[in-house]
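This report concerns only the one structure given below.
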Amino acid sequence: MEDCRKFKSYNDVEMIDIIHQVATLYIATKVPKDYGTGDTYTSVEVHMLKRIVDKPGITVTELAVETAKTKGAISQMLKKIEEKGLIRREHSADNENKCLLYATEKGRELDQAHRLYDEVNSAETIDQVRMLFTEEEMNTAFRVLEAWLALRRQVHQKRLKQKRLDSRKKT
């Protein structure tokens with residue numbers, strides 16, 4: 001392995017490529033696995049569920065913004081996990097058209113099993129990275145990634161808005 005501790009500068013293309021490789025590594029498999037509940041789920045399903053557990057009452061629109069996916073794609077995923085009994089929908093008291101999402105008991109149990117699974121199965125890699133970098137360096141790296149992600153979402157929303165405006169001008 002290349003010496004990760006030595007100072008290196010990255011250009012924009014290299015940075016994006018590294019982020020893409022990390023993302024691909026974590027979502028590349030669509031093979032369902034048992035996270036400890038006896039049933040199998042895909043990584044995408046359990047991470048969508050995690051977002052709902054972390055933000056009870058979140059909406060399809062909010063999930064679409066957070067994940068940079070279309071509302072249609074989010075709705076398809078939600079239908080799958082709802083059919084599996086992991087989430088439930090409630091209409092908002094102030095807006096009948098607004099649907100709020102909540103984890104069911106089964107969903108919360110899967111979420112806890114998934115968190116434990118990730119903690120145990122990711123520990124080996126994270127522990128090795130911690131041998132190379134200080135906790136402060138690790139925290140800095142993740143603060144940078146969180147900021148990048150937030151800004152990337154803003155850019156994505158701006159582009160979607162511009163695309164909608166452009167398509168209206170054509171009609």
* Asked: NZ/Lys80 to OG/Ser75 distance, rounded to the nearest 0.5 angstrom?
  -> 12.5 Å
* Asked: Looking just at side-chain N and O atoms, do Arg164 and Ser167 make a donor-acceptor pair shorter than 3.5 Å?
  -> no
* How far apart are the C-alpha atoms of Arg115 and Val53, what are their side-chain angles, what is the distance that settles it, and do they pass the side chain to side chain contact (heavy atoms under 4.5 Å, CB included) test? -> CA-CA 11 Å; Arg115 289 173 196 251; Val53 169; 4.0 Å; yes
* Would you say Ile126 and Leu132 are hydrophobically clustered, going by side-chain heavy atoms of ILVMFWY under 4.5 Å? -> yes
* Asked: So do the side chains of Lys55 and Glu62 get within less than 4.5 Å of each other, counting heavy atoms only?
  -> no
* Asked: Is a side-chain N or O of Asp17 found less than 3.5 angstrom from the main chain of Val13, in a donor-acceptor match?
  -> no
* pair Thr67-Arg51: side-chain heavy atoms closer than 4.5 Å -> yes
* What ring-ring contact (aromatic ring centres under 6.0 Å, His included) pairs are there with at least one residue in residues 104-130, not counting sequence neighbours? -> Tyr35-His114, Tyr35-Tyr117, His47-His114
* To do: Could you walk me through whether Lys84 and Glu45 pass side chain to side chain contact (heavy atoms under 4.5 Å, CB included), step by step?
  => CA-CA 10 Å; Lys84 293 179 180 186; Glu45 289 172 331; 2.8 Å; yes
* Linked, directly or transitively: Trp148 and Phe142 (ILVMFWY side chains, under 4.5 Å) -> yes
* Asked: Do you know the tightest heavy-atom contact between Ala64 and Lys71?
  -> CB-CG, 3.9 Å
* Asked: What is the minimum heavy-atom distance between Glu137 and Thr134, and which atoms define it?
  -> OE1-N, 2.7 Å
* Indicate yes or no for a side-chain donor-acceptor contact from Gln128 to the backbone of Thr125 under 3.5 Å, with no hydrogens or angles considered. => no
* **Side chains of Phe133 and Asn139 in contact at under 4.5 Å (non-hydrogen atoms)** => no
* Rounded to the nearest 0.5 Å, how far apart are OG1 of Thr59 and CZ of Arg89? -> 11.0 Å
* Mind checking whether Val65 and Ile74 sit in one hydrophobic cluster, side chains of I, L, V, M, F, W, Y counted as touching below 4.5 Å? -> no
* To do: Quick one: pull up OG1 in Thr140 and CD in Glu135 and give me the separation to the nearest 0.5 Å.
  => 10.5 Å
* Asked: If we only count heavy atoms from C-beta on, is the Asp39 to Leu110 side-chain gap below 4.5 Å?
  -> no
* CG of Asp12: more than 12 outside heavy atoms within 6.0 angstrom? -> no
* Checking side chain to side chain contact (heavy atoms under 4.5 Å, CB included) for the pair Glu105/Arg108: CA distance, chi angles, key distance, verdict? -> CA-CA 5 Å; Glu105 183 62 31; Arg108 287 188 296 279; 3.0 Å; yes
* **Heavy atoms of other groups near His156 NE2, more than 12 under 6.0 Å** => yes
* Decide whether Leu151 and Ile16 are clustered together by the hydrophobic rule: side chain heavy atoms of Ile, Leu, Val, Met, Phe, Trp, Tyr closer than 4.5 Å, transitively. => no
* Can you find a heavy atom in the side chain of Leu78 that is under 4.5 Å from one in the side chain of Ile52? -> yes
* What's the spacing between Leu145 CG and Arg143 CZ if we round to 0.5 Å? -> 11.5 Å
Side chains of residues 94-104: which donor-acceptor partners sit under 3.5 Å, not counting sequence neighbours?
from   : atom 1 : to     : atom 2 : distance (Å)
Asp94  : OD1    : Ser92  : OG     : 2.2
Asn95  : OD1    : Asn97  : N      : 2.9
Thr104 : OG1    : Gly85  : O      : 2.5
Thr104 : OG1    : Leu86  : O      : 3.2
Thr104 : OG1    : Lys106 : N      : 3.4
Thr104 : OG1    : Gly107 : N      : 3.0

* Asked: Got a sec, which residues hit side chain to side chain donor-acceptor pair (under 3.5 Å) with Asn121, two or more places apart in sequence or on another chain?
  -> none
* **Test log, rule side chain to side chain contact (heavy atoms under 4.5 Å, CB included), inputs Glu109 and Thr37** => CA-CA 8 Å; Glu109 288 171 7; Thr37 63; 5.5 Å; no
